[in-house]
Asks: 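A single structure is presented below for examination.
Nothing here was measured: the structure is a model prediction, and the numbers come from that model.
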Amino acid sequence: MPKKPVHNLDISALHDGFYNTKQWKKISAYVKSRDGYADAINGRLWDEGDLIVDHIIPRRLLPKDKHLDTSNLWLLTRAQHNHKTSVEKKLSENVLKHASREWWGNVLREKLFYIY
């Protein structure tokens, strides 16, 4: 019997090949090094494979020339990333386009989510 996925991902976003490009792999390694393998929420150090380089503003909402912009990239653990993804599904595109690193940090750190 096939295993069920452990998390919900937008499969179409993964299948466009972006995350397998040489450019993404290079930028991803750079961000991990830049951030010292520490997650952006708690500052805890992790092994390389334990972290996900995440787009603060989702890539699907960015112009193509901003997909590799390192100022929009940070490190999250898989659990933090999954939580962020679940919150993103509840937000409008306009809110997502303007959600700052600090706002996301507060949401993920406190695990609180309010829509005003």
Asks: Determine whether Ser92 and Asn94 satisfy the following criterion, side-chain hydrogen bond (donor to acceptor under 3.5 Å, both in side chains), listing intermediate values before the conclusion.
Replies: CA-CA 5 Å; Ser92 71; Asn94 188 51; 5.3 Å; no
Asks: Applying side-chain hydrogen bond (donor to acceptor under 3.5 Å, both in side chains) to Asp35 and Trp74, what does each step give before you reach the verdict?
Replies: CA-CA 8 Å; Asp35 294 354; Trp74 63 351; over 6 Å; no
Asks: Using modelled atom types and a 3.5 Å cut-off, is there a donor and acceptor pairing between side-chain atoms of Asp47 and backbone atoms of Gly49?
Replies: no
Asks: Look at the rings of His55 and Phe18 and say which category their plane angle falls in: under 30° parallel, 30 to 60° tilted, over 60° perpendicular.
Replies: tilted
Asks: Find the distance between CD (Glu110) and CD1 (Ile41) and round it off to the nearest 0.5 Å.
Replies: 10.5 Å
Asks: Just how far is it from atom CG of Leu61 to atom NZ of Lys97, taken to the nearest 0.5 Å?
Replies: 6.0 Å
Asks: So, taking the atom named OG in Ser28 and the one named CG in Leu75, what distance separates them when rounded to the nearest 0.5 Å?
Replies: 8.0 Å
Asks: For the atom pair OG1 (Thr77) and CZ (Arg44), what is the distance rounded to the nearest 0.5 Å?
Replies: 9.0 Å
Asks: Consider only side-chain heavy atoms of I, L, V, M, F, W and Y, link residues closer than 4.5 Å, and tell whether Trp104 and Ile52 are in one cluster.
Replies: no
Asks: Check Arg101 against Ile56 and note the closest heavy-atom contact, atom names and distance.
Replies: NH2-CD1, 3.4 Å
Asks: Are Leu51 and Tyr19 connected in a single hydrophobic cluster, I mean Ile/Leu/Val/Met/Phe/Trp/Tyr linked by side-chain heavy atoms less than 4.5 Å apart?
Replies: yes
Asks: With side chain to side chain contact (heavy atoms under 4.5 Å, CB included) as the criterion, how do Asn106 and Arg109 come out once you've worked through the C-alpha distance, each side chain's angles and the decisive distance to 0.1 Å?
Replies: CA-CA 5 Å; Asn106 289 333; Arg109 196 174 300 107; 3.3 Å; yes
Asks: Would you say the side chain of Leu108 lies within less than 4.5 Å of the side chain of Leu76, judging by non-hydrogen atoms?
Replies: yes
Asks: Which pair of non-hydrogen atoms, one from Gly43 and one from Ala38, has the smallest distance, and what is that distance?
Replies: O-CB, 3.7 Å
Asks: Tell me which one of Gln80, His81, Glu88 satisfies side chain to side chain donor-acceptor pair (under 3.5 Å) with Lys84.
Replies: Glu88
Asks: Does the side chain of Asn72 come within less than 4.5 Å of Lys66's, by heavy atoms?
Replies: no
Asks: Answer yes or no: is there a side-chain heavy-atom contact under 4.5 Å between Ile57 and Leu62?
Replies: yes
Asks: Please lay out, stage by stage, how Arg59 and Asp16 fare under the test salt bridge (Lys or Arg N to Asp or Glu O under 4.0 Å).
Replies: CA-CA 12 Å; Arg59 183 173 64 97; Asp16 72 357; 3.1 Å; yes
Asks: Show your working on side chain to side chain contact (heavy atoms under 4.5 Å, CB included) between Arg60 and Leu96 and close with a plain yes or no.
Replies: CA-CA 11 Å; Arg60 66 183 164 77; Leu96 287 171; 3.6 Å; yes
